[in-house]
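Order of the sequence lines fixes the chain letters, A, B, ..., with proteins taken first and strands second; residue numbering starts at 1 for each chain. Here the structure is a predicted model, which is why all the values come from computation and not from measurement.
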Amino acid sequence: MAERFFARVYDVVRQIPEGRVATYGQVASMVGEPRKARFVGFAMHSSPGAKGGVPCHRVVFKDGSLCAGYVFGGPDAQRALLEEEGVTFLADGRVDMGLCQWEA
DNA sequence: CATTTGACTCTAT
DNA sequence: AATAGAGCCAAAT
């Protein structure tokens with residue numbers, strides 16, 4: 001299981017409740033490796049997708065912005081999906097971190 | 001087996 | 001305050 005780190009990331013992301021988001025760095029910190037924030041997102045790319053139990057759209061940047069250009073359909077789809085779950089968005093098109101950032 | 005790359009984050013200018 | 005650059009560490013080639 002060379003990819004145990006990825007599996008661990010998936011497990012954490014899977015625990016993110018609806019209407020709540022987490023940053024890559026936070027998820028990385030949860031798995032015990034805050035330096036591998038980049039791989040958290042990289043793991044998302046290799047993830048089975050929201051259907052596989054990994055709502056990668058709930059994982060955002062530390063600023064609350066999304067990874068536009070690499071998501072399934074685009075930032076608009078991700079924004080709409082998060083908004084559908086009850087996530088509050090700022091006028092800048094970013095997630096309201098102070099209100100919807102996931103707390104373990 | 002060595003090199004490259006990458007959904008990030010922080011620090012410095 | 002905003003922009004630019006470097007650092008991190010594992011997976012893919």
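When the side chain to side chain donor-acceptor pair (under 3.5 Å) test is applied to Q15(A), the partners found at least two apart in sequence or on another chain are D11(A). Shown here are the side chain to side chain contact (heavy atoms under 4.5 Å, CB included) partners of R35(A), two or more places apart in sequence or in another chain: there are none.
At a non-hydrogen distance threshold of 4.0 Å, nothing from residues 83-104 of chain A comes into contact with DNA chain C. Proximity of residues 15-38 of chain A to DNA chain C (heavy atom under 4.0 angstrom from any strand atom) is restricted to R35(A), K36(A), R38(A).
Proximity of a side-chain donor or acceptor of E85(A) to a complementary backbone N or O of E18(A) within less than 3.5 Å is not detected. Checking side-chain atoms of R58(A) against main-chain N and O of I16(A) turns up a donor-acceptor pair under 3.5 Å.
Here OH of Y24(A) is found 14.0 Å from CZ of F39(A). Values are rounded to the nearest 0.5 Å. Summarising the geometry, atom OG belonging to S47(A) is positioned 10.0 Å from atom CZ belonging to R14(A); distances are rounded to the nearest 0.5 Å. To the nearest 0.5 Å, atom SG of residue C67(A) and atom CD of residue Q78(A) are 5.0 Å apart.
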Q: Walk me through it: do Y10(A) and M44(A) pass the test side chain to side chain contact (heavy atoms under 4.5 Å, CB included)?
A: CA-CA 8 Å; Y10(A) 298 150; M44(A) 303 282 95; 4.1 Å; yes

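Protein chain A contacts DNA chain B over a range whose 5' and 3' limits, counting nucleotides with an atom under 4.0 angstrom from a non-hydrogen atom, are dG6(B) to dC10(B).
Relative to the six-membered ring of F5(A), K36(A) meets both conditions, a distance below 6.0 Å and an angle of at most 45° to the axis.
Atom CG in D63(A) sits about 13 Å away from atom P in dA1(C), given to the nearest Å.
M97(A) belongs to a hydrophobic cluster whose other members, connected by ILVMFWY side-chain contacts under 4.5 Å either directly or through intermediates, are V21(A), V60(A), L66(A), L82(A), V87(A), F89(A), V95(A).
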